[in-house]
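Below: the structure, in structure tokens.
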Number of protein chains: 2
Amino acid sequence: MRAGERAYDTLRGEILDGVLGPGTVLQEVEQSVRLGVSRTPVREALRRLAADGLVEPTARGTIVTAISRADIVALYELREALEARAAGLAARRRADAPFLAIRDRLHDAPRLLAEGEAGLTRYFEIVDDLDRAIDEAAANPFLGSALRSVQLHSARIRRLSRHNPDRLRAAAGEHELIVDAIIAGDAELASHATHVHLHRSLTNALASAPDDDVAAPPGADDGSRVA
Amino acid sequence: MRAGERAYDTLRGEILDGVLGPGTVLQEVEQSVRLGVSRTPVREALRRLAADGLVEPTARGTIVTAISRADIVALYELREALEARAAGLAARRRADAPFLAIRDRLHDAPRLLAEGEAGLTRYFEIVDDLDRAIDEAAANPFLGSALRSVQLHSARIRRLSRHNPDRLRAAAGEHELIVDAIIAGDAELASHATHVHLHRSLTNALASAPDDDVAAPPGADDGSRVA
DNA sequence: GCGACGACTCATGTATACACGGACGCCGCC
DNA sequence: GGCGGCGTCCGTGTATACATGAGTCGTCGC
């Protein structure tokens with residue numbers, strides 16, 4: 001695999017996992033040494049991350065962006081516009097098979113959610129597969145590109161609800177309704193059920209979010225932000 | 001200004017203007033010589049253009065992407081979701097002043113449209129300013145980012161209606177209605193008026209689009225695709 | 001003691017040289 | 001004559017050296 005690709009995947013994963021918290025300074029030479037490649041692929045990775053909105057260039061290096069409560073609200077506002085539309089399109093243009101399969105898997109979600117970390121990870125795989133199935137069924141490359149962007153940022157704040165079993169169980173039920181609506185070809189219901197799901201997710205995210213920013217606050221030098 | 005920035009702006013402008021048509025091969029060394037910089041900033045520019053969706057890497061070089069009729073439909077599908085939402089948000093969150101100014105300028109549009117190329121350019125400046133005002137009033141950075149992406153691709157197909165005065169006059173009227181709705185604080189009307197406008201624009205774009213792709217077809221070696 | 005100016009330092013921006021890999025064309029064989 | 005394999009070439013991927021500019025720290029003057 002190309003070094004630039006690996007550098008991008010590594011850094012992106014670390015930002016999404018919170019290993020590199022908001023405010024962390026990412027300098028090219030520093031990351032070059034750490035990742036064992038030269039500055040060139042690191043530069044490429046940082047540029048891509050900046051285009052994704054995960055980092056932003058500043059005077060003394062590229063820093064990991066923060067996510068404020070206002071950002072969460074704004075993100076969900078966009079998600080609602082995009083995902084409600086995508087769900088409606090998917091209901092009209094679907095192939096049944098993938099959604100039937102996801103419905104079965106979602107039915108097992110409550111059991112998974114009782115199995116600890118591994119179950120959680122598998123649960124989120126189902127949700128991600130649903131997102132992909134809707135994206136594919138919507139059959140719109142521009143919409144798909146926009147969806148991937150919001151899902152990237154959504155993954156960052158997913159950590160807020162990861163260990164909230166009650167919310168996750170409820171979310172699984174909301175997802176089931178969306179899938180049922182798509183299978184039934186009911187575009188309006190799929191769209192509105194998505195709206196409902198996002199509204200509840202947002203409420204939960206805001207309740208779980210710290211006062212200032214997601215992940216560790218930018219001020220503290222707690223070691224999570226060193227290279 | 002940075003060389004990478006200039007290279008990006010130059011290439012992007014040439015793609016949007018159709019100077020570099022779909023299928024044009026953009027090789028790094030070749031463009032380095034033409035733009036008078038080294039490969040490094042050209043590489044950066046090509047990566048950014050690829051992220052924008054204006055070019056895509058292939059085996060024998062990066063090529064300018066084509067826009068099929070299906071792409072136009074897909075793009076307008078996304079535009080509708082984004083711009084209708086943005087117009088609605090702008091109606092709720094607006095500051096009146098910029099929209100009052102744009103309304104005045106739009107009122108002069110019919111006169112501008114009779115003044116040839118310079119007038120056309122000024123007309124599109126008004127439309128672009130309206131887009132920016134809505135973006136700013138919506139006060140949502142994620143939505144703004146998505147809007148800039150679709151507006152980038154929209155600019156590519158704008159050439160299809162640029163010399164269709166009847167359509168442009170009608171579009172000016174549709175824009176006025178959107179602005180009026182925003183000023184009146186009527187989110188639903190702003191949203192629906194945007195829907196109407198995009199529906200009509202799409203109809204016109206499809207009627208004006210050649211059978212295969214926008215701009216010159218990828219097969220012909222007509223000189224518009226050399227370096 | 002405070003403020004401003006200047007030099008130094010460090011990080012990014014750019015250029016270039018080398019490495020690697022695939023694509024195309026040519027040649028030989030079937 | 002067509003197909004398959006091999007070699008060459010070309011273009012991107014990576015590493016590195018140099019240029020540039022902004023930020024910071026120290027010092028000097030007021």
Side-chain angles (χ1 to χ4, degrees), chain A residues 1-15 20-66 218-219 221 224-227, chain B residues 1-15 20-66 218-221 223-227:
Chain A
M1 191 191 240
R2 282 173 20 203
E5 200 77 14
R6 259 185 303 126
Y8 172 75
D9 288 345
T10 302
L11 289 171
R12 195 183 71 145
E14 289 175 346
I15 293 171
L20 299 174
T24 307
V25 178
L26 302 175
Q27 291 183 344
E28 295 175 3
V29 278
E30 190 179 34
Q31 297 304 314
S32 301
V33 174
R34 186 170 76 95
L35 300 174
V37 295
S38 78
R39 274 182 60 206
T40 309
V42 171
R43 275 182 71 79
E44 179 194 326
L46 289 176
R47 291 309 182 93
R48 286 180 64 184
L49 293 169
D52 289 339
L54 294 179
V55 303
E56 62 184 356
T58 72
R60 71 174 185 292
T62 301
I63 68 170
V64 178
T65 54
D221 251 335
S224 80
R225 57 194 70 258
V226 300
Chain B
M1 189 191 243
R2 281 173 22 202
E5 200 77 14
R6 262 186 300 127
Y8 172 76
D9 288 345
T10 302
L11 289 171
R12 195 183 72 145
E14 290 174 345
I15 293 171
L20 300 174
T24 307
V25 178
L26 300 176
Q27 292 182 343
E28 296 175 2
V29 278
E30 189 180 36
Q31 297 303 316
S32 300
V33 175
R34 186 170 75 94
L35 300 175
V37 294
S38 79
R39 275 182 58 207
T40 307
V42 170
R43 276 182 71 78
E44 180 194 326
L46 289 176
R47 290 309 182 93
R48 288 180 64 183
L49 292 169
D52 289 339
L54 294 179
V55 303
E56 61 185 355
T58 71
R60 69 172 187 297
T62 301
I63 68 170
V64 178
T65 54
D221 250 336
S224 82
R225 57 194 70 260
V226 300

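To find a chain, count down the sequence lines: A is the first, B the second, and so on, and within it residues start at 1. Worth knowing before you read on, the calculation uses all heavy atoms, side chains too, and leaves out hydrogens, waters and symmetry mates.
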Quick one: label Arg60(B) by what it contacts on the DNA or RNA (base, sugar-phosphate, nothing), any heavy atom closer than 4.0 Å. nothing

Contact under 4.0 Å: Thr40(A) side-chain N or O vs dT14(D) OP1/OP2: no

Distance check needed: dT14(D) P versus Glu44(B) CD, whole Å only. 16 Å

Without decimals, in angstroms, what is the distance between Leu46(B) CG and dG11(D) C1'? 12 Å

Side chains of Arg12(B) and Leu49(B), heavy atoms from C-beta outward: is any pair under 4.5 Å? yes

Phosphate OP1/OP2 of dT16(D) contacted by Arg43(A) side-chain N/O (<4.0 Å): no

Is there a side-chain contact between Ile63(B) and Thr24(B), using heavy atoms and a 4.5 Å cut-off? no

Gap between atoms CD1 and P, on Ile63(A) and dA11(C) respectively (whole Å): 15 Å

d(CD, Gln27(B); C1', dC10(D)) in whole Å: 8 Å

Grab the CD-P distance between Glu30(B) and dG11(D) for me, whole Å please. 8 Å

Is a side-chain donor or acceptor of Thr62(B) paired with a backbone partner of Glu56(B) at a separation under 3.5 angstrom? no

Could you state the atom-to-atom distance from CZ of Arg47(B) to C1' of dT14(D) in whole Å? 12 Å

Does CZ belonging to Arg60(A) count more than 12 external heavy atoms closer than 6.0 Å? no

Suppose we call a contact any N or O donor and acceptor under 3.5 Å apart; does that hold for the side chain of Arg39(B) and the base of dG13(D)? yes

Protein-nucleotide distance (Arg6(A), atom CZ; dA15(D), atom P), rounded to Å: 9 Å

I want to confirm an ordering. Mapping Ala59(A) and Gly4(A) to their closest nucleotides on DNA chain D, which one lands closer to the 5' end? Gly4(A)

